[in-house]
2 protein chains.
Amino acid sequence: MPRIPADERRAALVHAALRVVAERGVAATTTRAIVAEAGMSLASFHYAFTGRDELMVELINTVVEQEERTLAPAMTSTTRPVSMRDAIRAGLAEFFSGVQRDPQREKAMFELTQYAMRTPGMEMLARRQYRRYYDLAASALEAASEMSEQDWTLPIDDVATVLVALTDGLTIAWLVNRDDAAAGAIMDFAADAVARLAADGRTGSLHPVPLERTSPS
Amino acid sequence: MPRIPADERRAALVHAALRVVAERGVAATTTRAIVAEAGMSLASFHYAFTGRDELMVELINTVVEQEERTLAPAMTSTTRPVSMRDAIRAGLAEFFSGVQRDPQREKAMFELTQYAMRTPGMEMLARRQYRRYYDLAASALEAASEMSEQDWTLPIDDVATVLVALTDGLTIAWLVNRDDAAAGAIMDFAADAVARLAADGRTGSLHPVPLERTSPS
DNA sequence: GTCTATAATGAGATAGAC
DNA sequence: GTCTATCTCATTATAGAC
């Protein structure tokens with residue numbers, strides 16, 4: 001077999017692992033399944049990685065970067081002014097069509113989050129994963145603000161938190177039920193509701209629908 | 001060792017399994033871990049169940065019934081008229097305090113859903129689980145409608161779908177980040193947004209904020 | 001019915017030849 | 001560097017004594 005640089009081998013194994021996770025789930029992603037998918041010997045695995053945990057860490061990092069590259073282009077597509085609601089609805093549709101295109105991959109993302117949450121020493125990986133989601137959502141919301149010429153009436157990070165929660169709920173619902181109409185209803189609701197957190201840029205601090213804070217009981 | 005009826009033994013093993021899933025995750029829920037938790041021998045397990053899969057099926061069914069008993073009482077607590085927004089906000093707070101009280105259990109629910117989705121022949125268990133969630137949400141929304149004397153402006157099942165998506169997103173966000181303030185912001189948003197799907201009962205068909213359907217592209 | 005003992009399988013990891 | 005062969009361990013499941 002050809003002599004392959006360690007970096008390439010690591011990358012090949014990580015990508016093979018991602019395919020296995022998507023197709024069969026984290027539980028079935030054994031070192032043997034990974035090397036079979038990559039067409040390598042078991043020993044090559046342990047030459048490239050000290051162990052399975054090291055690969056899983058790199059897998060999660062890789063997968064988050066990929067998510068970034070997949071979603072980032074979708075946000076800056078339109079530049080002409082549109083309503084805030086339509087801008088958000090279009091972004092959600094774009095995201096959701098990605099979920100429909102590769103449901104297994106989306107399932108894998110949730111599984112990897114939970115794997116990280118359950119594995120001692122990897123909790124921060126789950127948080128970093130969501131930190132990236134929030135950043136991506138904030139960028140998308142910033143773009144929507146420019147397109148619609150409206151400003152957010154509360155900190156954009158708060159809106160991003162809400163948007164990610166909505167996309168998580170949307171994705172789980174569709175993965176479980178595969179109900180396109182229900183997913184559409186959730187997206188319609190989300191676009192309407194989130195758009196209401198913005199106000200005309202010119203009016204400045206005018207809050208048409210201020211978000212009341214409920215004091216903790 | 002005492003002679004225990006098969007039904008009791010099955011129930012004891014299921015409850016032990018639930019504790020193991022909550023504490024250590026589905027992946028660590030081996031037959032050995034279960035019988036150790038239940039204080040039984042390994043052979044007793046295979047006397048009560050034909051195998052691990054049979055127990056997992058019963059575990060998921062049990063856990064969904066429990067969720068029903070835990071959440072149902074919280075919905076009918078208040079009877080005096082309140083605003084729709086406050087009724088929903090209070091229900092969310094009640095749900096969320098349950099998540100805070102036992103985060104591991106909530107993590108377990110997500111893991112069990114994904115386990116069912118990944119296991120051939122168990123996909124319907126995940127759907128049944130969510131079917132119950134939707135029914136529970138619809139009951140809560142019905143109660144909120146009576147309390148606030150407002151009617152839903154779209155089918156209650158659609159509102160229930162949205163509400164479950166929101167609670168899923170809320171729960172995941174908090175499980176990952178443990179950020180109480182962020183969770184509060186999501187709940188405030190959810191209560192405002194969902195309440196806007198209702199209108200005064202007396203005005204009947206008046207839709208203050210009709211939910212536009214976006215036609216599929 | 002319940003136990004101990006033990007198959008049978010598959011996992012992660014390593015030794016050592018080439 | 002890469003391979004085959006093997007070690008060690010944990011798993012599910014069963015056999016057979018009591």
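Keep in mind that what you see is a predicted model, and the values were worked out from it rather than measured. Naming: A, B, ... by sequence-line order, numbering from 1 per chain. Keep in mind that the numbers below use all heavy atoms, side chains included, and drop hydrogens, waters and symmetry copies.
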A:Asp168 and A:Tyr130: side chain donor to acceptor below 3.5 Å: yes
Check whether the side chains of B:Gln129 and B:Thr113 place a donor and an acceptor atom closer than 3.5 Å, and report yes or no.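 Distance-only check passes for B:Gln129 and B:Thr113.
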Whole-Å distance between [N] [atom2] and [X] [atom1]?
X	N	atom1	atom2	result
B:Phe45	C:dT4	CZ	C1'	18 Å
A:Tyr47	C:dG16	OH	P	19 Å
B:Met56	D:dA13	CE	P	12 Å
A:Ile34	C:dG10	CD1	P	17 Å
A:His46	D:dC3	NE2	P	15 Å
A:Met40	C:dG12	CE	C1'	18 Å
A:Leu13	D:dT2	CG	C1'	13 Å
A:Glu54	C:dA13	CD	P	10 Å

Exercise for the section: With sequence neighbours excluded, tell me which residues meet side-chain hydrogen bond (donor to acceptor under 3.5 Å, both in side chains) with A:Thr31. Expected result: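 So A:Thr31 forms no side-chain hydrogen bond (donor to acceptor under 3.5 Å, both in side chains) with any residue.
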For B:Glu123, the side-chain hydrogen bond (donor to acceptor under 3.5 Å, both in side chains) test, sequence neighbours excluded, returns none
| query | Any salt bridge between A:Glu111 and A:Arg24, counting N to O under 4.0 Å? | reply | no
query = Would A:Glu67 and A:Arg132 pass as an ion pair if we require N to O under 4.0 Å?
reply =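 Looking at A:Glu67 and A:Arg132, the cut-off is not met.
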Q.
Using the side-chain contact (heavy atoms from CB on, under 4.5 Å) criterion, which residues pair with A:Asp53? Sequence neighbours excluded.
A.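 A:Asp53: side-chain contact (heavy atoms from CB on, under 4.5 Å) contacts with A:Tyr115, A:Met122.
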> Is B:Arg9 near enough to C:dT2 that one of its side-chain N or O atoms lies under 4.0 angstrom from OP1 or OP2?
Replying inline: yes
Can you tell me if A:Ser44 touches the phosphate of D:dC3, counting only side-chain N or O atoms and a distance under 4.0 Å to OP1 or OP2? yes
How would you list all residue pairs meeting ring pair (Phe, Tyr, Trp, His ring centres under 6.0 Å) that involve residues 42-63 of chain A, not counting sequence neighbours?
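Residue pairs with at least one partner in residues 42-63 of chain A: A:Phe45-A:Phe49.
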As a check of understanding: the bend across the helix from C:dG1-D:dC18 to C:dC18-D:dG1, end axes from five pairs, rounded to 10 degrees, works out to 20°
- Which pair of non-hydrogen atoms, one from A:Val82 and one from A:Ala87, has the smallest distance, and what is that distance?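 For A:Val82 versus A:Ala87, the nearest heavy atoms are CG2-CB, 3.9 Å.
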| query | Among C:dT2, D:dC3, D:dT14, which is the nearest nucleotide to the side chain of A:Ser41? | reply |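 Looking only at side-chain atoms, A:Ser41 lies closest to D:dC3.
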Taking only nitrogen or oxygen atoms into account, show me every contact under 3.5 Å that the protein makes with nucleotides 5-10 of chain D, one pair per line with its distance.
none

